[in-house]
Amino acid sequence: MCVPDRALVRVQDLTPEKADQLIWLRARIHTSRAKGKQCFLVLRQQQFNVQALVAVGDCASKQMVKFAANITKESIVDVEALVRKVEQKIESCSQQDVELHIERIFVISQAEPRLPLQLDDAVRPDGEGEEEGRATVNQDTKLDNRVIDLRTTTSQAIFRLQSGVCQLFRDTLTKKGFVEIQTPKIISAASEGGANVFTVSYFKTSAYLAQSPQLYKQMCICADFDKVFCVGPGKKSSHHVLPPCAAFTLVRSLRCFQTEIQTVNKQFPSEPFKFLEPTLRLEYTEAVAMLREAGVEMGDEDDLSTPNEKLLGRLVKEKYDTDFYVLDKYPLAVRPFYTMPDPNNPKYSNSYDMFMRGEEILSGAQRIHNAQLLTERAIHHQIDLEKIKAYIDSFRYGAPPHGGGGIGLERVCMLYLGLHNVRQTSMFPRDPKRLTP
C-alpha cells in the first residue's frame with residue numbers, strides 16, 4: 001500500500017494546547033467499542049494512548065462508524081481528527097485532558113483478528129481482577145509471543161529506561177575520557193573458567209564464546225588507550241565496563257526516569273530504591289561477621305552463595321537503610337586469575353562487587369599488570385598458557401597499573417525497578433530451554 005506523506009503528530013504531544021487543531025496521527029487500535037451511532041477507540045502509540053471518537057454527523061456516516069468498529073485490535077491506522085478538550089479527565093488513557101474527533105480513518109496495516117494474548121491482560125498485576133474472572137498472562141506465554149508483549153506499556157517503559165541507562169553509561173564514561181572499543185566474541189581460551197564455558201567449532205579447531213571482554217580491555221590498556229569501555233553481550237548478561245564512580249552516577253541518575261518507573265510500578269509495585277552518598281563500603285570480613293551473627297556457617301575464604309548474598313542485602317538494609325553498597329577485599333581464591341592479590345594479606349584481593357537489593361550487579365578489581373605474576377596465577381588456575389600467550393605477552397613490554405569491572409545492564413534495570421526475573425528486562429532472553437524467538 002502506498003502511504004502518502006503526512007505530518008504526523010505524536011500521541012504524547014496531544015495536550016490541551018492543541019485543542020481545535022486538525023491533525024494527522026498514526027497509531028494502533030488498542031480497543032474499540034461501538035455504541036449506537038458512534039464508536040469509541042483507544043489509539044496507542046508506544047506507552048501513550050488517547051481516546052478517539054467516530055460519530056455520525058457532518059464528517060462521518062453510519063458506514064464509517066461501522067467500518068471503524070470492525071477494525072481489528074492492534075491494526076495500524078492513520079486518522080485525521082480534531083483535537084478537543086474534555087470536561088472530565090479520561091482516567092483510562094495517558095492523555096487525559098483531550099480526545100480526538102475523527103473525520104477520516106485509513107487502515108495502514110491490518111492485524112489478524114485472533115491475538116495470541118491481550119495486552120490489557122498482559123499488564124494486569126498478579127491477582128488483580130481474579131474475582132471478576134479477568135485473566136493474567138504467564139511469563140512463558142509472554143516470552144513465546146514476545147513481539148506482542150513488548151508492545152505493552154510496561155515493556156515499553158522497561159526498555160526505554162534501559163536505553164536511557166546505556167546512554168548514561170556512554171555519556172558518563174566519555175566525559176571522563178574513556179574510549180569505547182569493540183572486542184572479539186570468540187576466543188581461543190575460556191577467559192573466566194568455571195561452568196559457563198561454551199565451545200564452538202572454528203574451522204579445524206575449537207574456540208570459545210567470550211565470557212567477557214576482560215582480556216582485550218587489558219590489552220588495550222597495554223596499548224596506551226589509558227581508559228576503555230565496551231558495551232556488548234557477555235555470557236551472564238550484557239556487560240558495561242566502568243569504574244565504581246560511574247556505577248554510582250548511574251544509580252543516582254536513574255531517578256530521572258520517573259515516567260517509566262511509575263508505569264512499571266503500576267503492574268509491579270516495589271519499594272523506592274534507596275542509596276547513601278557516599279556509597280556504603282564494607283570489607284568482606286565484615287560481611288562474613290554479619291552473616292555469622294545471623295546464623296550462617298561459612299569460612300573466612302568461602303564465596304558468597306546466592307541465598308547468602310540476598311540475606312546480606314537484607315541485613316545491610318536493616319542496619320544502614322541502603323539498597324546499594326560495595327563489598328570490598330574478596331578472598332583471592334574465589335576471584336579470576338588476573339585479579340591482583342592484596343599486598344597486605346595474600347589470602348585476599350584488591351577486588352570488589354557492587355550490590356543492588358541484595359544481588360550483585362558489578363564485579364571489579366585491580367588487575368595484575370606484571371607478566372610473571374600473571375603467569376603464576378594462570379598456572380595456579382590450571383589455565384593453558386599457550387592459549388593465552390598473546391594476552392600475557394602484552395604485559396611484557398610495560399603495562400601501567402589498572403583496574404576495571406563489568407556490570408550487567410539487565411540486572412541493574414531489574415533490581416532498580418524491583419522486578420523478580422531478569423527475563424523481564426531481557427528483550428529476547430536466552431536460557432537452557434529458550435532459543436527463540
Side-chain angles (χ1 to χ4, degrees), residues 189-197 211-212 214-215 217-218 234-237 239 241-244 247 279-317 319-320 322 324-383 388 391-392 395 401-408 411:
S191 56
E192 307 284 342
N196 296 316
V197 176
Q211 291 165 292
S212 85
Q214 178 59 52
L215 307 189
K217 289 181 287 153
Q218 289 188 263
K235 291 283 285 301
K236 293 182 180 178
S237 59
H239 271 66
V241 179
L242 75 170
T279 302
L280 174 67
R281 174 187 169 277
L282 296 174
E283 290 207 358
Y284 197 84
T285 52
E286 295 177 77
V288 171
M290 290 176 69
L291 288 168
R292 284 175 177 163
E293 189 176 336
V296 175
E297 295 182 6
M298 64 178 295
D300 291 344
E301 297 178 62
D302 290 348
D303 201 0
L304 290 178
S305 65
T306 299
N308 284 345
E309 285 183 346
K310 292 182 178 180
L311 173 58
L312 180 62
R314 293 194 295 270
L315 297 174
V316 169
K317 183 68 178 290
K319 186 173 182 178
Y320 299 101
T322 181
F324 181 71
Y325 67 95
V326 178
L327 190 56
D328 200 8
K329 298 293 182 182
Y330 267 74
L332 184 62
V334 302
R335 304 302 271 196
F337 75 96
Y338 46 70
T339 305
M340 181 67 78
D342 181 348
N344 299 315
N345 189 338
K347 290 185 177 181
Y348 291 89
S349 63
N350 288 352
S351 67
Y352 57 90
D353 282 357
M354 290 187 178
F355 291 85
M356 292 174 66
R357 299 192 197 266
E359 295 191 40
E360 176 201 329
I361 60 155
L362 178 147
S363 185
Q366 181 184 358
R367 314 303 188 188
I368 295 172
H369 58 279
N370 176 277
Q372 182 59 40
L373 179 56
L374 195 59
T375 301
E376 292 172 6
R377 295 299 302 161
I379 292 172
H380 179 79
H381 281 257
Q382 299 181 329
I383 293 174
I388 59 169
Y391 166 68
I392 292 180
F395 294 91
H402 60 280
I407 187 167
R411 292 177 67 83

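- Residues L282 and M290 are in side-chain contact: their nearest non-hydrogen atoms beyond the backbone lie under 4.5 Å apart.
- You'll find the side chain of S363 stays beyond 4.5 Å of the side chain of I407, heavy atoms only.
- Separation of atoms CD1 (I392) and CG (L374) is listed at 5.0 Å; rounding is to 0.5 Å.
- Judged by distance alone, the side chain of R281 and the main-chain N or O of D328 form no donor-acceptor pair under 3.5 Å.
- Atoms CD and CZ, from E359 and R357 in turn, are 10.5 Å apart once rounded to the nearest 0.5 Å.
- For the residue pair A365 and S351, the shortest heavy atom distance occurs at CB-CB, 3.4 Å.
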* List the steps, then state whether side chain to side chain contact (heavy atoms under 4.5 Å, CB included) holds for V316 with F324. => CA-CA 9 Å; V316 169; F324 181 71; over 6 Å; no
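- With hydrogens and angles disregarded, no donor-acceptor distance shorter than 3.5 Å links the side chain of Q218 to the backbone of L215.
- Rounding to the nearest 0.5 angstrom, the gap separating the OG1 atom in T339 from the CG atom in L332 is 7.0 Å.
- L373 has its side chain within reach of M340: a pair of non-hydrogen atoms, C-beta onward, lies under 4.5 Å apart.
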* **Pair Q214-Y338, side chain to side chain contact (heavy atoms under 4.5 Å, CB included): steps then yes or no** => CA-CA 9 Å; Q214 178 59 52; Y338 46 70; 3.3 Å; yes
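- To the nearest 0.5 Å, the span separating CG on L327 from CD on E283 amounts to 9.0 Å.
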Pair up each side-chain donor or acceptor in residues 307-315 with any protein partner under 3.5 Å, not counting sequence neighbours, and list the distances.
from	atom 1	to	atom 2	distance (Å)
N308	ND2	S305	OG	3.4

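- Using a 4.5 Å cut-off on side-chain heavy atoms (C-beta onward), P331 and D302 make no contact.
- Contact check for Y348 versus T285: side-chain heavy atoms found under the 4.5 Å cut-off.
- Note: R411 CZ to F355 CZ = 9.5 Å, rounded to the nearest 0.5 Å.
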* To do: Give the C-alpha distance, both sets of side-chain angles, the deciding distance and a yes or no for side chain to side chain contact (heavy atoms under 4.5 Å, CB included) between L304 and M298.
  => CA-CA 9 Å; L304 290 178; M298 64 178 295; 3.9 Å; yes
* Derivation of the side chain to side chain contact (heavy atoms under 4.5 Å, CB included) call for E301 and K347 -> CA-CA 8 Å; E301 297 178 62; K347 290 185 177 181; 3.4 Å; yes
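- Shown here are the salt bridge (charged side-chain N to carboxylate O under 4.0 Å, His left out) partners of R335, two or more places apart in sequence or in another chain: D353.
- Counting only heavy atoms from C-beta outward, the side chains of D303 and Y330 approach each other to under 4.5 Å.
- One distance of note links OH of Y352 with OH of Y325; it measures 15.5 Å at 0.5 Å rounding.
- A donor-acceptor pair shorter than 3.5 Å cannot be found between the side chains of K329 and N345.
- Across all non-hydrogen atoms, the minimal contact from Q366 to H402 is CG-O, 3.5 Å.
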